[in-house]
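Keep in mind that this is a model prediction, so the values were computed, not measured. For ligands, and for the atoms within them, numbers begin at 1 and follow the listed sequence.
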Amino acid sequence: MKLPPSVTLVEVGPRDGLQNEKQAVPASVKIELVHRLQEAGLKNIEVTSFVSPKWVPQMADNAQVMAGIQRKVGVRYSVLAPNMQGLEAALRSQPDEIVVFGAASEAFSQKNINCSISESMERFRPVVAAALAQGVALRGAISCALGCPYEGEIAPERVALVAQLMREMGVQHVGVADTIGVGTPRKVQAALEAALRHYPLDAVSGHFHDTYGQALANTLAALELGIASFDTSVAGLGGCPYAKGATGNVATEDVVFMLHGMGIDTGIDLERLVDASAFISQHLQRAPNSRAATALLSRRHAA
Ligand code: HMG
Ligand code: MG
């Protein structure tokens, strides 16, 4: 088993994390969170999404948040855009990367973006072409790759099909997303292998929600395949408003603790990451949903 010597973590807390919060989080807090994350060494930050504010009110301040960030050289700022309207608004904020988000489940595609999988691909096609023409990087997310809240289990072939369609239209990287956290290690490997039929190893990442406590094990299973990029969320924030009951992404702190313990480099300063975690948790008035952050914070209090 040859594990990657270093891993890229894409911090999705400001977007996937906060999109699911019921209470409005001020743009100033989101901006401060991004600043703290980049100070902790995160080099890839998913900041916001350019979606309908009627569907996801929490992301309505997308342009304001993007405008307020003091950008750090070497950090890639990503935003989600589901259609041309979203892309046009997104490009005005000058992101480094656009994320289109499709699904391996028909029912979830309908609930999340109000169209079928094949319609979603038709909507993404001009988005991808326009973003690439502007020199902006393109990533795709494949939701419900391990299971769907409406359809149940999802076969790896369906992940392969969406990966193939995204590859054909020019999407440069795909994330295999376990939206509702039902994946277990061998099934996660099968879903990743399905994406790897159409993408090289360095263009596939894992996006694991931790609803059933499987996300760290699934991360290790992905590392065994040589996958070296993961979406994670500070303080374990997150969920999708259109996948009821789904909890947050695996906590960035927990993944960093595991990787550093295995001698795998992330470029992230765990103590500063815990500061960012404490900051947003304090704002949301709850404890971080991260075992590593909880342990490190209680050690600080005891010192
Ligand atoms: P629709 O209603 O089919 O869109 O929604 P439409 O084109 O018919 O337009 C209807 C209205 O929406 C119009 O406004 C448009 O202007 C507006 P009205 O005339 O009624 O006032 N509209 C927009 N406004 C702002 N930005 C836009 C936009 N597009 C249309 N881009 C749509 C289709 C995709 C817009 C809608 O379904 C939507 O916004 N969905 C977003 C869902 C979402 O954000 N989900 C969470 C992110 S995905 C996720 O979390 C999963 C991931 O983490 C991986 C995983 O874990 O699985 C990535
Ligand atoms: Mg997600």
Side-chain angles (χ1 to χ4, degrees), residues 10-21 46-63 78-93 95 97-105 107-117 119-124 126-127 130-131 139-151 154 158-159 162 166 171 173-183 188 191 195 205-211 215 218 230-233 236-252:
V10 178
E11 171 59 52
V12 298
R15 194 282 301 170
D16 201 337
L18 296 180
Q19 75 180 5
N20 210 34
E21 287 300 322
E46 209 170 87
V47 177
T48 186
S49 50
F50 286 82
V51 297
S52 161
K54 287 187 191 141
W55 284 62
V56 186
Q58 189 65 259
M59 297 285 109
D61 58 3
N62 40 32
S78 311
V79 302
L80 268 59
N83 53 18
M84 279 307 284
Q85 188 174 338
L87 180 81
E88 279 156 18
L91 287 178
R92 289 195 283 277
S93 290
E97 183 179 60
I98 294 286
V99 183
V100 290
F101 48 105
S105 143
F108 186 76
S109 182
Q110 289 289 353
K111 296 273 186 195
N112 195 42
I113 49 176
N114 205 25
C115 63
S116 68
I117 295 172
E119 284 165 340
S120 73
M121 296 300 146
E122 289 318 307
R123 287 183 192 180
F124 297 157
V127 171
R139 178 154 56 88
I142 308 178
S143 286
C144 294
L146 275 303
C148 167
Y150 312 102
E151 289 183 21
I154 297 290
R158 295 168 68 184
V159 178
V162 177
M166 285 190 172
V171 174
H173 179 114
V174 281
V176 172
D178 187 5
T179 314
I180 55 171
V182 291
V188 163
S205 56
H207 176 112
F208 306 135
H209 285 262
D210 199 28
T211 317
N218 291 341
F230 299 92
D231 296 353
T232 62
S233 180
L237 299 172
C240 175
Y242 298 99
K244 290 274 172 284
T247 60
N249 294 82
V250 64
T252 311

Asks: Give the numbers and elements of all ligand 1 atoms closer than 4.0 Å to a heavy atom of N112.
Replies: 37 (O), 40 (N), 41 (C), 42 (C), 43 (C), 45 (N), 46 (C), 48 (S)
Asks: Measure the shortest side-chain to side-chain distance between I98 and V79 over non-hydrogen atoms and say whether it is less than 4.5 angstrom.
Replies: yes
Asks: Tell me whether ligand 1 is touched by P53 - counting only heavy atoms on the residue side and a distance under 4.0 Å.
Replies: yes
Asks: Which is it for M59 and ligand 1 at heavy atoms under 4.0 Å: side chain, backbone, both or neither?
Replies: neither
Asks: Regarding atom 49 (C) of ligand 1: of the candidates E46, R15, R123, which has the closest heavy atom?
Replies: R15
Asks: Only heavy atoms count here, so choose which of H207, M84, K111 is nearest to atom 56 (O) of ligand 1.
Replies: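 The option holding the nearest heavy atom is H207.
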Asks: Using a 4.0 Å heavy-atom cut-off, which part of V12 comes near ligand 1: side chain, backbone, both, or neither?
Replies: neither
Asks: Got V10 and R139 here, is their nearest side-chain heavy-atom distance under 4.5 Å?
Replies: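 Sidechains of R139 and V10: in contact.
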Asks: Side-chain contact test, heavy atoms from C-beta onward, threshold under 4.5 Å: evaluate it for H207 versus D178 and give yes or no.
Replies: no
Asks: Only heavy atoms of H209, strictly under 4.0 Å: list the atoms of ligand 1 that pass.
Replies: 56 (O)
Asks: Pairs of nitrogen or oxygen atoms closer than 3.5 Å, one from V51 and one from ligand 1: do any exist?
Replies: yes
Asks: Any side-chain heavy atom of M121 within less than 4.5 Å of one from M166?
Replies: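 Yes, at least one pair of side-chain atoms sits under 4.5 Å.
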Asks: Run down the list V127, N62, T179, N249 and name the one with the heavy atom closest to atom 57 (O) of ligand 1.
Replies: T179
Asks: Can you name the atoms of ligand 1, numbered from 1 with element, that are less than 4.0 Å from a heavy atom of N83?
Replies: 27 (C), 28 (C), 29 (N), 30 (C), 31 (N), 35 (C)
Asks: Is it the case that ligand 1 has an N or O less than 3.5 angstrom from some N or O of F50?
Replies: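 Yes, at least one N or O pair falls under 3.5 Å.
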Asks: Quick one: are F101 and V51 in side-chain contact, heavy atoms under 4.5 Å?
Replies: yes
Asks: Give the atom numbers and elements of ligand 1 that come within less than 4.0 Å of a heavy atom of D16.
Replies: 53 (O)
Asks: Consider every N or O of Q19 and every N or O of ligand 1, then say whether any pair is closer than 3.5 Å.
Replies: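 N/O-N/O distance below 3.5 Å exists for this pair.
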Asks: What's the shortest heavy-atom distance between A81 and V100, and which atoms?
Replies: O-CG1, 3.6 Å
Asks: Return the name of the atom in H209, of element N, O or S, nearest to the Mg ion (ligand 2).
Replies: NE2
Asks: Indicate yes or no: at least one non-hydrogen side-chain atom of E119 is less than 4.5 angstrom from one of N114.
Replies: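 No, their side chains stay 4.5 Å or more apart.
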Asks: Has ligand 1 got any nitrogen or oxygen that is less than 3.5 angstrom from a nitrogen or oxygen of K54?
Replies: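 The answer is yes, given that K54 and ligand 1 share an N or O pair closer than 3.5 Å.
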Asks: What I want to know is whether Q85 and ligand 1 share at least one N or O pair that is separated by under 3.5 angstrom.
Replies: yes
Asks: My understanding is that we take every heavy atom of each candidate and find the minimum distance to atom 51 (C) of ligand 1. Doing that for G238, A141, S143, which one comes out nearest?
Replies: S143
Asks: I'd like to check P82 versus S120 (side-chain heavy atoms, cut-off strictly below 4.5 Å). Are they in contact?
Replies: no
Asks: If we only count heavy atoms from C-beta on, is the V171 to F124 side-chain gap below 4.5 Å?
Replies: no
Asks: Out of curiosity, E122 CD to I117 CD1, how far, rounded to the nearest 0.5 Å?
Replies: 13.0 Å
Asks: So what does the D16 OD2 - the Mg ion (ligand 2) - H207 NE2 angle come to, to 10°?
Replies: 90°
Asks: Can you tell me which residue among D16, N62, L80 is in a side-chain contact (heavy atoms from CB on, under 4.5 Å) with S49?
Replies: L80
Asks: Is the contact between E119 and ligand 1 made by the side chain, the backbone, both, or neither, using heavy atoms and a 4.0 Å cut-off?
Replies: neither
Asks: Could you pull out the closest heavy-atom pair between S105 and R158, with the gap in Å?
Replies: CA-NH2, 3.7 Å
Asks: If you measure every N or O of V56 against every N or O of ligand 1, does any of those distances drop under 3.5 Å?
Replies: no
